[in-house]
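Inspection log for the structure reproduced underneath, given as structure tokens.
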Amino acid sequence: MLCLAASFLFALTSGQQVLPQSHRLAWERASSSVAILEDNGVSIGTAALIDSSGLFLAHKLSITGDRMLGRLRSGRIYSLSLQATDEQTQLVLLKAQSWNEIGSRPLSVASGEAKGSPMIVSLPMGPILGEFSSADRSGVMGPNKRYVPLSEIRFETPQGKIGGALVFDLDGRLVGILNAALEPVPSASSGEVNSVKRDFKGDSRSSALVQKSQYATRGLTVGYALGVDVLQRVVDGFRRPDRQVMHPAIGAIFGDAASPGALIEEVLANSTAQRAGLRVGDIVIKVDDKTILNNLDLATHLFRQKVGN
């Protein structure tokens, strides 16, 4: 299981990648809607335009206060102010003051990606190559300790701050915002990756890296971002007039059962769980078509649902 409380890295190698033609075209589409966040002349992160009124999405790791500057590809600089924070995901909403970018194109969220799909990771120092590895990881989001579904993305270890980096597919759509990473993996001269420095604990579905890497000469970093369905929910909430993000909840507290399943430990009064007839001591073994092995399974499956389902 992965704890996301403060698990971002500062990479160690230097140099910037030259993107292949297919990646350059995608980056051309996406980069006009990306702001490089600056504080006292220092680049501290990136933010994605999600509304033509000048609303930007970023991770809490990328901001240092209630106000900062955002530099666009055009060279224009805007003052950005913090409008809202979604504590469940640690994503934040920024508003550009005196926004007048006529024809600006808000970024859309990808509907999903297949394993092995090429990605672009947007850092303050520039874009680098990435690859979508998995959509079935799970982790604990700090500080609220909420279990959340995660996407796994691997990329050549860059220079600079990784936490809060935007990730795009080759259609220029937003796939995620990195909020945690494993330690970099040293590359062998043959280009093979033999092991990671640190494995996850507690989640049997978390695995070491695959044995062969397309990145032959540098270290390999594995990053994690919220699943696209959760990311879309946050974007939709931040676009609402009240800027409120609604996450699903059933009103029950559960833990691991002695046998496979999730044990209901508490049912809140007047909750969905109570109205559905759940009782303390019940063991949930299946939801829809998904078999529930433990409380992690149940929590992450519920967090993927749409409010009202």
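In this chain, residues are counted from 1 in sequence order.
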*Side chains of Ser43 and Met125 in contact at under 4.5 Å (non-hydrogen atoms)*: no

*If you group Ile, Leu, Val, Met, Phe, Trp and Tyr by side-chain heavy-atom gaps below 4.5 Å, do Leu80 and Leu82 land in one group?*
yes

*Distance-only, no hydrogens or angles: does the Arg73 side chain make a donor-acceptor pair with backbone N or O of Ala30 under 3.5 Å?*
no

*asked:* Contact between Phe254 and Ile292 at the side-chain level, heavy atoms closer than 4.5 Å - yes or no?
replied: no

_CD on Gln83 to CG on Asp66, rounded to 0.5 Å_ = 10.0 Å

*Might you point out which heavy atoms bring Phe238 and Val92 nearest each other, and give the distance in Å?*
CE1-C, 3.6 Å

_Taking Leu19's backbone N and O only, do any of them form a donor-acceptor pair with Arg24's side chain (distance below 3.5 Å, no angle check)?_
yes

_Please give me the minimum heavy-atom distance between Ser151 and Gly227, naming the atom from each residue._
OG-CA, 3.8 Å

*Would Glu152 and Ser133 count as having a side-chain donor-acceptor pair, cut-off 3.5 Å?*
yes

*Note, Ser117 side chain near Asp169 side chain (heavy atom, < 4.5 Å)*: no

_Checking Asp297 against Tyr147: is there a side-chain donor and acceptor pair closer than 3.5 Å?_
no

_With a sphere of 6.0 Å drawn around CG of Asn309, does it hold more than 12 non-hydrogen atoms of other residues, nucleotides or ligands?_
yes

_Shortest non-hydrogen contact from Arg239 toward Leu107_ = NH2-O, 3.8 Å

*Joint hydrophobic cluster, Phe168 plus Val222, side-chain heavy atoms closer than 4.5 Å*: yes

*Main-chain N/O of Lys95 paired to Gln97 side chain as donor or acceptor, under 3.5 Å*: yes

*Report yes or no: does Asn294 contribute a side-chain atom to a donor-acceptor pair with the main-chain N or O of Leu296 at less than 3.5 Å?*
yes

_Atom of Ala35, atom of Leu72 and distance for their closest heavy-atom approach_ = CB-CD2, 3.9 Å

*Is there a side-chain contact between Val148 and Gln88, using heavy atoms and a 4.5 Å cut-off?*
no

*How many angstroms lie between atom NZ of Lys60 and atom OG1 of Thr89, to the nearest 0.5 angstrom?*
10.5 Å

_Using side-chain heavy atoms (C-beta onward) and a distance below 4.5 Å, is Asn100 in contact with Arg76?_
yes

*Heavy-atom donor-acceptor pair, Arg233 side chain to Gln305 backbone, under 3.5 Å*: yes

_Using only atom types and a distance under 3.5 Å, with no angle test, would you say the side chain of Asn295 pairs donor to acceptor with the backbone of Ala262?_
no

*Leu298 and Leu263: same hydrophobic cluster, using ILVMFWY side-chain contacts below 4.5 Å?*
no

*Are side-chain heavy atoms of Leu129 and Glu156 found at a separation under 4.5 Å?*
no

*Could you state the interatomic distance from CG (Asp39) to CG (Leu69), rounded to the nearest 0.5 Å?*
8.0 Å

_Salt-bridge present (Arg240, Asp242; N to O < 4.0 Å)_ = yes

*Would a distance-only check, ignoring hydrogens and angles, find a side-chain to backbone donor-acceptor pair under 3.5 Å from Asp51 to Gly54?*
no

*If you round to the nearest 0.5 Å, how far is CG of Leu178 from OG1 of Thr221?*
10.0 Å

*How far does CG of Leu226 sit from CG of Leu150, to the nearest 0.5 angstrom?*
6.5 Å

*Treat each ILVMFWY residue as a node, draw an edge where side-chain heavy atoms are under 4.5 Å apart, and state whether Leu55 and Leu94 are in one component.*
no

*Do you know which two heavy atoms are closest between Ile36 and Pro124, and how far apart they sit?*
CD1-CA, 4.1 Å

*Please work out which of the three classes, parallel, tilted or perpendicular, describes the rings of Trp99 and Tyr78, given edges at 30° and 60°.*
tilted

_Pair Glu87, Thr85 - check side chain to side chain donor-acceptor pair (under 3.5 Å), show working._
CA-CA 6 Å; Glu87 295 297 338; Thr85 300; 4.9 Å; no

_Check: Leu170 main-chain N/O paired with Arg29 side-chain donor or acceptor under 3.5 Å_ = yes

*Only one of Asp86, Leu166, Leu174 passes side-chain contact (heavy atoms from CB on, under 4.5 Å) with Leu57; say which it is.*
Leu174

_Please check this pair: side chain of Asp171 against backbone of Arg173, looking for a donor-acceptor N/O pair closer than 3.5 Å._
no

*Cluster check Val234, Ile63: I/L/V/M/F/W/Y, side chain < 4.5 angstrom*: no

*Ile162 and Phe155, any side-chain heavy atoms less than 4.5 Å apart*: yes

*Just by distance, do the side chain of Gln274 and the backbone of Asn270 share a donor-acceptor pair under 3.5 Å?*
yes

_If I compare all heavy atoms of Thr300 with all of Ser138, which pair ends up nearest, and what's the gap?_
CG2-OG, 3.5 Å

*asked:* Please report the interatomic distance CD1(Ile50) to CG(Leu93), rounded to the nearest 0.5 Å.
replied: 5.5 Å

